[in-house]
Protein chains: 4
Amino acid sequence: MRKAPKQKRSREMVSRLLDATAATIAERGLDGTTTNHIAEQAGVSIGSLYQYFPDKEALVESLLTRMGEQAGLRFRQQAKKVDINAMNLHQVALNAIQFGILSIRLDPVMYEMIRNWSRVPIHKLLDPLERAFLVAAQPYFLKHYSNYPIHNLETKLYILINSTIFTAIRYAVQEESMIEEKELVETLADIIVRTLVPAA
Amino acid sequence: MRKAPKQKRSREMVSRLLDATAATIAERGLDGTTTNHIAEQAGVSIGSLYQYFPDKEALVESLLTRMGEQAGLRFRQQAKKVDINAMNLHQVALNAIQFGILSIRLDPVMYEMIRNWSRVPIHKLLDPLERAFLVAAQPYFLKHYSNYPIHNLETKLYILINSTIFTAIRYAVQEESMIEEKELVETLADIIVRTLVPAA
Amino acid sequence: MRKAPKQKRSREMVSRLLDATAATIAERGLDGTTTNHIAEQAGVSIGSLYQYFPDKEALVESLLTRMGEQAGLRFRQQAKKVDINAMNLHQVALNAIQFGILSIRLDPVMYEMIRNWSRVPIHKLLDPLERAFLVAAQPYFLKHYSNYPIHNLETKLYILINSTIFTAIRYAVQEESMIEEKELVETLADIIVRTLVPAA
Amino acid sequence: MRKAPKQKRSREMVSRLLDATAATIAERGLDGTTTNHIAEQAGVSIGSLYQYFPDKEALVESLLTRMGEQAGLRFRQQAKKVDINAMNLHQVALNAIQFGILSIRLDPVMYEMIRNWSRVPIHKLLDPLERAFLVAAQPYFLKHYSNYPIHNLETKLYILINSTIFTAIRYAVQEESMIEEKELVETLADIIVRTLVPAA
DNA sequence: CATGAATGAGTATTCATTCAT
DNA sequence: AATGAATGAATACTCATTCAT
């Protein structure tokens, strides 16, 4: 019990540093972010930063983990609101894609992280989201296809999730595109349904 | 007329610098590549490099353009060899995916460029490939679906191409994956067919 | 009287910190040793460390003093065992050199301190050793040369002791040497005898 | 021939940087010397420094090599002046020791380097000096002892050279000593003679 | 046209020491 | 007395680009 205040303080510092990391990335991009900027943004000395994180990499990784957890949570909360059980697969997919695109568009850090996916441990961000989506889709699969197991489900999901994420981020990065967002989302959802439903 | 030899020399120099850029990226990765390395690799002074290219960015962009053209050419040549007219859509797709995965795996520059797609003008590489694929697929569409035009074809192709490329590169980057490559390729081809064929 | 336990505790703390300093130097070298490492190694807060020692320098100096005292003691104990009175000067010298080389080789802290002799108050370590050696050699001189006082004895001893110590440490630091240790030790002892014995 | 001016400029820059290194070490000590100080002292950008030396270590090593060569040269020149052939061994030794002590006392860089001998490649400095001394002593040995080869000459020289150097530097480092310099030097020379002359 | 020497702002990280709790 | 979180000056080294020759 005596340790509580210290642990709380420590947790607060970690949280403050992660907030500062996010703010700095949002402001200056991943490449433009330095540990000194982060410390300054956090209103903390650079020495303190290194007392809580061994290096810059650890800071980014922690932020990604936190982002993953929070995004997963937000997705599940949103899924509850919409009463996912009443929806068909197309609607579930549409929902998820919209959530993803909105996240990327509204959260510059999310945008920056996925843009630089191969230079950061992006799975820390994506894995929780993947799990959240699978959990959300599970009842649907159980209800409708429990006796008709989908062939290669794992591979299909791997492809669909990666496809959706990277199509969305590439669409977001492109400054101008001939394609309308609504159409893109609809078509993506369509592809998902066609792929997962054995023979609709 | 007097300019001809100069222009030839100029073209040779440009080509030499692009070769050096590619070699250096292959050897040291995109981040590890410096303009001085490139000049040295080309056997040319750094000053000369800057006479032909305004900055590093321009060098990378030119290389991407050249890579795109060459890859498009290779794809078309290979498509000719296989007699694409005799294949069904599934086989055409399989062909293209295999071509892409092989390119990424065998060409370290291609790999490196796509890995860092958001930091380079990746469209210079992908657009020609996209066009080459469309040209190759065109006779197929004309032959089979000329009177039943596919809905949203452009959007679908945009999605499918991006999906294939990024699923492939993310698969290539991952050090270990539970999924077998053959299954991944098959499933990707499957998704493409299901998406493009209205109701097979 | 009330102070007694405190003083004991204080002495224990000092001793603990010196042990920790030695252990850390042995483990990480003098340059790699930080005050925080020492405090951690001692199982004590960094703040407490600074309650007992004003700075890092004082810590090292105290350790050197303690090492000097202990090494002097060990040397005297060993000298007793061997019955130094029955030995001739060559054997006495051989004995001392072997003791020194062994100390440097077996005790990483001793090695590290002498290696960095000019950055630490090395005399705190060497003076007691010098005195111990002089005390050990005294009866020999009294017995054999009391009526033929050695000219410049003090200077000669100063030179011989420094020569022996630094030849030994330089030999220990060198990774490869053409010279065999046995020969080195024998020759050193020889030099000492020739120097101290007026005309043998 | 066309390369001459460039090579000259390069040699000048190297020389200028080594001068600056020496000046900085003389001014601030080895530990207080930073690459930025050196560049500033040389009136050159830090980038230029790193164009000529890969790292700080290389700079120090080069300086030591140059110092060794120059010191060896100075020693030989001085030896010529004194007509070493007319001297006996005691005078030769005295000469060398005086030269060494003077070098250490008058050249703060020499002093600093030897003081920190275990942290710099000190052999780059000492080897040329050793060789110069051997060359200077050679005629003496040939003349007087060619038919009575000295036992263990190599080992003896190793010990005597190290002994002399480190006794001298330790004497120089000590702020106060009971011993007079003249006596120290005389006694050192004496020890050298007694050691090298089988039975005078 | 070609050269390549020179630039210098910028980056991650360390560690002795302090002082509020 | 004890704690340990916080400090911040300091350090070695990089690399795209320029411009005098």
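Order of the sequence lines fixes the chain letters, A, B, ..., with proteins taken first and strands second; residue numbering starts at 1 for each chain.
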Query - D:E57 vs D:V120 side-chain heavy atoms within contact, under 4.5 Å - result: no
Query raised in the report: Quick one: are B:L125 and B:I114 in side-chain contact, heavy atoms under 4.5 Å?
Result: yes
Query raised in the report: Can a donor-acceptor pair be found between the side chains of B:S48 and B:S45 at a distance below 3.5 Å?
Result: yes
Query - Step-by-step salt bridge (Lys or Arg N to Asp or Glu O under 4.0 Å) determination, B:D31 to B:R115 - result: CA-CA 12 Å; B:D31 280 333; B:R115 232 168 69 88; over 6 Å; no
Phosphate-side-chain proximity, [X] and [N], N/O vs OP1/OP2 below 4.0 Å:
| X | N | answer |
| --- | --- | --- |
| D:Y50 | E:dT7 | no |
| C:S45 | F:dT3 | yes |
| A:T35 | E:dA12 | yes |

**Report entry** Nearest-nucleotide 5' precedence on DNA chain E, D:S48 against B:Q51
**Finding:** B:Q51
Report summary line: The residue, B:M13 or A:P54, whose nearest nucleotide of DNA chain E is more 5′ is B:M13
Base, sugar-phosphate alone, or nothing: which one does [X] contact when heavy atoms must sit under 4.0 Å apart?
| X | answer |
| --- | --- |
| C:N36 | base |
| B:T34 | sugar-phosphate |
| C:Y52 | sugar-phosphate |

Between [N] ([atom2]) and [X] ([atom1]): distance, integer Å:
| X | N | atom1 | atom2 | result |
| --- | --- | --- | --- | --- |
| A:E57 | E:dT11 | CD | P | 18 Å |
| A:L59 | E:dT13 | CG | P | 10 Å |
| C:I46 | E:dC19 | CD1 | P | 15 Å |
| B:D31 | F:dA16 | CG | C1' | 14 Å |
| B:E40 | E:dA5 | CD | P | 12 Å |
| D:I38 | F:dT11 | CD1 | C1' | 12 Å |
| B:L49 | E:dC1 | CG | P | 15 Å |

**Report entry** Paired nucleotide for E:dA12 [Watson-Crick or G-U wobble; both distances under 3.5 Å]
**Finding:** F:dT11
Query raised in the report: Taking a pair as Watson-Crick or G-U wobble with both distances under 3.5 Å, which nucleotide is matched to F:dA20?
Result: E:dT3
Report summary line: Looking only at E:dT13, F:dC13, E:dT17, the nucleotide nearest the A:D55 side chain is E:dT13
Query - Atom pair CD1 (B:I38) and OG1 (B:T21), whose distance is rounded to the nearest 0.5 Å - result: 4.0 Å
